[in-house]
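Following: one structure in structure tokens, then a few remarks.
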Amino acid sequence: MNRISLAFRSFFALLFQGALPDEVLRALHLSRSAPNPVKAAAPAAPVVRVSDGALQMLAILQRDSRLVDFLMEDISSYADDQIGAAVRELHDQCRDSMARYVTLTPVIDGVEGTFAKAPSSDANIVKFVGNVPAKLPPGGTLRHKGWRVVKVDLPTLGAKQDATIIAPAEIEVE
């Protein structure tokens with residue numbers, strides 16, 4: 001009967017306190033050992049490559065709009081009206097997906113085709129085109145507003161997720 005009592009006391013002590021009481025240890029002729037000083041190795045941090053975000057965005061565009069499938073397909077055999085209809089839907093889906101994860105603003109917020117002054121803060125944000133003199137002018141006709149990323153909010157990749165897999169192969173089982 002003593003063994004059953006010890007078993008119940010041991011079970012509930014471990015369950016609620018996480019350790020055996022001293023009287024149970026004495027009854028079983030056991031002693032408390034010092035905790036093992038060996039520390040568990042910390043899990044290795046996942047390797048994040050610069051390309052992961054770009055590959056993740058490409059995977060999102062593939063998932064939401066099948067962009068990679070469209071780009072990899074030979075469309076030379078399709079009529080222009082068929083391609084146009086497909087591109088309209090593809091455009092809407094890609095724009096919505098990109099807007100969900102990336103916030104963009106124009107580099108120069110002006111009307112294309114009108115005069116725009118070049119920002120003097122950073123020479124890399126404006127590209128002069130056309131007949132460009134040796135000394136850069138203060139401005140010119142705005143041909144393209146440019147785009148600046150204000151915010152990127154991509155979902156985190158899982159620890160075992162391979163960023164190089166843009167879309168997994170699909171096998172239908174019948």
_Main-chain N/O of T156 paired to Q56 side chain as donor or acceptor, under 3.5 Å_ = no
*Which atom pair, heavy atoms only, marks the closest approach of S97 to I60?*
CB-CG2, 4.2 Å
*Is there a path of hydrophobic side-chain contacts, each under 4.5 Å between heavy atoms of I, L, V, M, F, W or Y residues, that connects L67 with M57?*
yes
*asked:* If I take atom NZ from residue K145 and atom CG from residue L104, how far apart are they, to the nearest 0.5 angstrom?
replied: 12.5 Å
_Separation between CG of L142 and NZ of K117, rounded to the nearest 0.5 Å_ = 14.5 Å
_Connected via hydrophobic side-chain network under 4.5 Å: I165 and L58_ = no
_Where H144 and E112 come nearest, the two heavy atoms and their spacing_ = CA-OE2, 3.5 Å
_Show the nearest heavy-atom pair for residues F128 and A118, with the distance to one decimal._
CZ-CB, 3.7 Å
_Where L90 and S65 come nearest, the two heavy atoms and their spacing_ = CD1-O, 3.1 Å
_I'd like to check T105 versus R148 (side-chain heavy atoms, cut-off strictly below 4.5 Å). Are they in contact?_
yes
*When hydrophobic residues are tied together by side-chain contacts of less than 4.5 Å, even through go-betweens, does L136 share a cluster with I125?*
yes
*Indicate whether any N or O donor in one side chain lies under 3.5 Å from an N or O acceptor in the other, for Y78 and E73.*
yes
*Closest contact, heavy atoms only, L61 versus C94*: CD2-O, 3.8 Å
_With a 4.5 Å cut-off on side-chain heavy-atom distances among I, L, V, M, F, W and Y, is there a chain of contacts connecting V152 to Y101?_
yes
*V102 to V149 - nearest heavy-atom pair and separation*: CG1-CG1, 4.1 Å
_Validation row: L55, T164 side chains within 4.5 angstrom (heavy atoms)_ = yes
_Counting only heavy atoms from other residues, nucleotides and ligands, does the tally under 6.0 Å from CE of M98 exceed 12?_
no
